[in-house]
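Step one of this worksheet: look at the structure below.
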Number of protein chains: 2
Amino acid sequence: MYRIGELAKACKINNDTLRFYEKNGLLSPSNRSDSGYRLYSEKDKEILQFILRAKGVGFSLAEIRELLSIEVDKANNACADVKELVDAKLLDVEQKLAELTRFQTSLKRLSDACCGGEKSAEHCTILEALESDTSQIRHEHHHYKAH
Amino acid sequence: MYRIGELAKACKINNDTLRFYEKNGLLSPSNRSDSGYRLYSEKDKEILQFILRAKGVGFSLAEIRELLSIEVDKANNACADVKELVDAKLLDVEQKLAELTRFQTSLKRLSDACCGGEKSAEHCTILEALESDTSQIRHEHHHYKAH
DNA sequence: ATAAACCTTTGAGTTAAGTCACAGGTCAAG
DNA sequence: CTTGACCTGTGACTTAACTCAAAGGTTTAT
Ligand SMILES: [Zn+2]
Ligand SMILES: [Zn+2]
Ligand SMILES: [Zn+2]
Ligand SMILES: [Zn+2]
């Protein structure tokens, strides 16, 4: 049996995180000591590691709660159920990737068009691009590489 | 001069968003009517569009505040200052991309290893991977493509 | 003149995943 | 027997970017 600080240290998380997971229905200690201290079993530790691994591949706590509810009753759940959760998350991640990739492309274009020199920003192509309607950025900078 | 609702509608945002931007030092209307209504000028509208475009390439409001402070005093700022903001954001975006890509890789590997069938999840490779220490996922699923 | 649509301010709620502060109880060592 | 490390519960705070509610004043149209 681990006390809260022992388990937290072993898994490199904060004691409060463990209390937080308990409050949010992810992991409750199997026992309490006479004086009310939380006592976690090996099995509890395994569940915690499950949670941390799931976090490590991008699952939110709400999603992990779903995974856990399947975990504890594998017999009455199908592979399909598990895979569905993974595939939904994958879609989610890919949508975020798509948005970030758009940001990256735009930012790169902005950065590349700007000379980055020490003279006045009065004609900086980045500011011009943000001021104007066009989403296209002119790659000719009238003081490009010059200043 | 636009009243708040007119400008909001023209730019497809919520009235409250405009009030929020004002409270947060991003955009204050140039005028008020006798009865206290906000009155936005064409110039104000352009600043709002600047803000929305900057949001569109991924900048946070705090970052946009910095961009705006350069915008209003271009003469005393250099291209370098602007480019620095863009490059910092680019780095930021690329770090987030890296993390999401790691998630994507892991999730794909998990998904690919699971048969997704309708039989019991008792031996689902996804759950096994999350239960076990190994970050490697065995691609042999003892009921892979079978069930 | 009255209803509808619009505006004002203030302040609270939302989401996610914790983190921290407080006041006090418990346990082991010396 | 006292110190220090640990534990308890409750509840407030954090970040970001809004969004909504309430109570009331203004404008416009009919
Ligand atoms: Zn330049
Ligand atoms: Zn520039
Ligand atoms: Zn299967
Ligand atoms: Zn499976």
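Within every chain, numbering begins at 1; the chains are lettered A, B, ... in the order of the sequence lines, protein sequences first and strands thereafter. Please read these numbers as outputs of a predicted model, since none were measured by experiment.
Here D:dT19 presents its P atom at 9 Å from OH of B:Tyr21, a figure rounded to the nearest Å. Between the CD atom of B:Glu22 and the P atom of D:dC18 there is a distance of 15 Å, rounded to whole Å. Separating the CG atom of A:Leu18 from the P atom of C:dA17 is a distance of 16 Å, rounded to the nearest angstrom. To the nearest angstrom, P of D:dC6 lies 8 Å from CZ of A:Arg3. Look at CZ on B:Arg19: it is 13 Å from C1' on D:dA22, rounded to the nearest Å. When the C1' atom of D:dA16 is taken as reference, atom NZ of B:Lys96 falls 11 Å away, rounded to whole Å. The CD1-P distance, from A:Ile4 to D:dC6, rounds to 13 Å in whole Å. Between B:Asp16 atom CG and C:dC6 atom P the separation is 14 Å, expressed in whole Å.
Position along DNA chain D of the nearest nucleotide to A:Arg38 versus A:Lys23 favours A:Arg38 as the more 5'-ward residue. Checking A:Asp34 against B:Gly36, the closest nucleotide of DNA chain C that is more toward the 5' end is the one next to B:Gly36. Where B:Ala62 and B:Asn14 meet DNA chain D, the nucleotide closest to each residue was compared, and B:Ala62 sits on the side nearer the 5' end.
Taking 4.5 Å as the limit, some side-chain heavy atom of B:Leu18 sits within range of a side-chain heavy atom of B:Leu48. Side-chain contact check for A:Glu22 versus A:Arg38: some heavy-atom pair is nearer than 4.5 Å. Counting only heavy atoms from C-beta outward, the side chains of A:Gln104 and B:Glu94 approach each other to under 4.5 Å. Counting heavy atoms from C-beta on, the side chains of A:Lys96 and B:Phe103 never come closer than 4.5 Å. Residues A:Phe50 and B:Leu127 form a side-chain contact, since some pair of their non-hydrogen atoms from C-beta on lies under 4.5 Å apart.
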Could you walk me through whether B:Ser30 and B:Leu39 pass the side chain to side chain contact (heavy atoms under 4.5 Å, CB included) check? CA-CA 6 Å; B:Ser30 307; B:Leu39 295 173; over 6 Å; no
Verdict with reasoning, A:Glu84 to A:Lys89, per salt bridge (charged side-chain N to carboxylate O under 4.0 Å, His left out): CA-CA 8 Å; A:Glu84 196 179 311; A:Lys89 188 68 198 177; over 6 Å; no
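Checked against D:dT19, C:dC7, D:dT8, the side chain of B:Asn15 finds its nearest nucleotide in C:dC7.
The line from CG of A:Asn77 to CG of A:Asp73 is 5.5 Å long, rounded to the nearest 0.5 Å. Atoms CG and CG, from A:Leu97 and A:Leu91 in turn, are 11.5 Å apart once rounded to the nearest 0.5 Å.
Terminal axes of the helix from C:dA1-D:dT30 to C:dG30-D:dC1 (five pairs each, C1' rotation axis) are separated by 20°, to the nearest 10°.
For the pair A:Arg32 and D:dG9, the criterion of a side-chain N or O lying under 4.0 Å from OP1 or OP2 is met. A sub-4.0 Å separation between OP1 or OP2 of C:dC7 and a side-chain N or O of B:Ser35 is absent.
When heavy atoms are screened at a 4.0 angstrom cut-off, A:Ser33 is found touching no nucleic acid atom at all. Note on B:Lys55: only backbone sugar-phosphate atoms sit closer than 4.0 angstrom, heavy atoms only; bases stay farther off.
For A:Tyr37 and C:dG25, a side-chain-to-base donor-acceptor distance below 3.5 Å is present, hydrogens and geometry of angles not being considered.
Under the 3.5 Å distance criterion, with hydrogens and angles disregarded, a donor-acceptor pair is assigned to the side chains of B:Glu42 and B:Tyr2.
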Identify the pairs formed between an N or O of the protein and an N or O of nucleotides 1-3 of chain D at a distance under 3.5 Å, and give each distance.
none

